[in-house]
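Encoded as structure tokens, the structure appears first; notes follow it.
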Amino acid sequence: MNRTKEFYFSEYENRKPDAPVAHNAWVEFLWQSVAIAALILGGWYLIWRWTMSLNYDALWFSIPVVCAETCAFIGMILFFNNLWSIRDVTPQPPPQSRGELVSDGGEHPLSVDIFIPTYTEDPELTRYSIQDAKKITYPYEIEINIYVLDDGNRAQMRKVASQENVHYITRDSNVGYKAGNLRNALEHSTGDFVVILDSDTRPFPTILENTLGYFKDSDVAWVQTPQWFYDIPEGVTLDVLLDRRFGRGGKCIGQLVQKVVGSISIGKDPFVSDPKLFYDVILRRRNRANASFCCGAGSIHRRDAVMEGALKAYAQQIQANVDAYTCREPDHEKCRAVSNAVTQEFSISTEFTPYKFHVSEDIYTSIVLQSDIERNWKSVLHPHVESKMLSPRDMHSWAMQRYKYAGGTLDILRNDNPLFRTGLTFQQKLMYAMTFWSYLAPLWNCIFIAAPLIALFTGISPISSYSNEFFLHLIPFLVVHECATALGTWGIDNRKGRMLNLAFFSFNLRAMWAVMCGREIQFHVTPKQRRSGDFLYLVWPQICVVALTMIAMCWATAVQIINPDPRQTAALVVNGFWAATNAYAMTVLIGAALWKPSKDSLIRIDVKNRRWFRKV
């Protein structure tokens, strides 16, 4: 009997995922009403900003700021459209035979291949995923084949696969990264359906029983299940921490503070890795537009859909190449000969890619299938968690993962923009537009970060004056917008995530620059074990923002004291508060860089009654 190696996450084995957010029609109606109010107030504010509040003495400053506000408002429109309503796909009972899902399948048992791609991950870590895959159950006869796809071609990984009695597939090169690995596996397997896992993805026994029923609709190409990180640090509450350090008196103080401001957890999820908001709210609500995309691990694919889409893309690419290199006189004998020769050459040189050879092969392949106007493939986001995964354990791993997401998505936007693809519906394009727009946000976030600092250092304002009219337009919009966001995310606290999105500007700008320069976004496996040390070298831009904020506030305050100007008082308060808010967002990322599992270093405050939405 093979014994698996002990990892740090062994202590979290008994953790269970939360149930999906329950839908409530009245809460949804309230959210939609508040969202409309936020959109109206936001539009009212922007019209006023463009027509009545520009600082004509400093248009070089005023116009970029109002443009940034406009871009953020467009992002809000796209985000609200995504969250507008929920329309889950009705689950179906598990099929009994192949004929229920595959044409001409008859009464033969279903055949499912489980792919576990791996490259540099610890083979013993992969063993956990293999063993859990072997525990998958099904109420009817079924053929399940498990394949370890080792792009590292390692003897130890081959040994683990042999010990666990599962198939082992490797290849001579790493062409196409993970997508190439999956293509190679498709050539060596025959299952009607393919389950894609990562080396650290451990499926629950119910994954097939709860998802294969969706494929009774012959147009369903894939089903994505939510990813759940079961090793996320839970932290300790303030009263427990103070009790450890100061005894009973400290515990009483901690309890008193929490009664006033709500629960305070220290050391909880420093990187905001919990993907519940993305899967349970954002991606789940894309079901209504058939716009939920594949996210790799935890997804189930119809082989025919993947292969059919690949064949069409292969033929289209060959034809495009032939058209570019041959003359346009089809009746000319020499032209026909050249065309045939070029077609043959490109047939050999063009890669056949069931999963697009790309660092973001999952979303790219989703776009290709959903834009097939001849087939109208569908996707499903299954709302229940059916597997568990490991989260990034340090700042370097987390930043590497986010950089890959940003770079891969922006590369698709630049080189094969789905917004101009025929076949996608208007709503599908809006959903994808939200994804791409969010990765462009650093362009205007940089303006939001720089604007208050410029105002504090120079005394120049991006608006004509901080009058009562300014606050009358701004404050109602901000208040209603916050209420709409809280309702639209169904009580899932995303304040810390929003701050990290602002603070992550430097990493996204690097990804954006790499794409603009035509550099390939390399695929790097996210490390599954924590690296030692701190990672302040990764967040030096954020440290600079904090330092500049402190200097700017001291400078502006000193100028106001030395040369009092009542007109500058409101500017100092507004820009000081704005700069301080930005700086606080930077400290969240800086704190994540300093975080160590053995220390309590981060504080997260949950405002009272925010959990009410989860109970609805």
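A distance-only check finds a donor-acceptor pair linking the side chain of R171 to the backbone of S173 [under 3.5 Å]. Remark: side-chain polar atoms of R302 are paired, donor with acceptor, to backbone N or O of F215 under 3.5 angstrom. At least one donor-acceptor pair under 3.5 Å links the side chain of R15 to the backbone N or O of I232. No donor-acceptor distance shorter than 3.5 angstrom exists from the side chain of K276 to the backbone of Q227, with no hydrogens or angles considered. In terms of modelled atom types and a separation under 3.5 Å, the side chain of R510 and the main chain of F505 share no donor-acceptor contact.
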Output, in order, the C-alpha distance, side-chain angles, deciding distance and verdict of side chain to side chain contact (heavy atoms under 4.5 Å, CB included) for V380 and Q224. CA-CA 6 Å; V380 175; Q224 177 68 53; over 6 Å; no
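In this model, a donor atom of one side chain and an acceptor atom of the other lie less than 3.5 Å apart for Y168 and D150. Defined by atom type and a distance below 3.5 Å, a donor-acceptor pair is present between the side-chain atoms of S379 and Q370. Checking R202 against Q131 by side-chain atom types alone, no donor-acceptor pair falls below 3.5 Å. A side-chain donor-acceptor contact under 3.5 Å links E143 and N145.
D416 and R421 are joined by a salt bridge, as a carboxylate oxygen and a charged side-chain nitrogen come within less than 4.0 angstrom of each other. Of the charged side-chain nitrogens involved, at least one lies within less than 4.0 Å of a carboxylate oxygen, so that K388 and E13 count as a salt-bridged pair. A salt bridge between D411 and R414 is absent, with no side-chain N of the basic residue lying under 4.0 Å from a carboxylate O of the acidic one.
Every residue was checked against the side chain to side chain donor-acceptor pair (under 3.5 Å) condition with T137, not counting sequence neighbours, and none meets it. Residues that satisfy the side chain to side chain donor-acceptor pair (under 3.5 Å) test with D192, not counting sequence neighbours, are R98.
Tested against R154, the residues T170, T120, T118 include a single side-chain hydrogen bond (donor to acceptor under 3.5 Å, both in side chains) partner, T118. The salt bridge (charged side-chain N to carboxylate O under 4.0 Å, His left out) with K178 is formed by just one residue from the set D198, D362, D151; it is D198. Only one option out of V195, L381, I300, N210 pairs with T225 in a side chain to side chain contact (heavy atoms under 4.5 Å, CB included); it is I300.
A cation-pi contact, defined as under 6.0 Å to the ring centre and within 45° of the axis, is absent between R402 and F507.
Using cut-offs of 30° and 60° on the angle between ring planes, the pair F278 and F293 is tilted.
Side-chain contact between S438 and F79: absent, with no pair of heavy atoms (C-beta onward) separated by less than 4.5 Å.
For the atom pair CH2 of W595 and CZ of F271, the computed distance is 6.0 Å after rounding to the nearest 0.5 Å.
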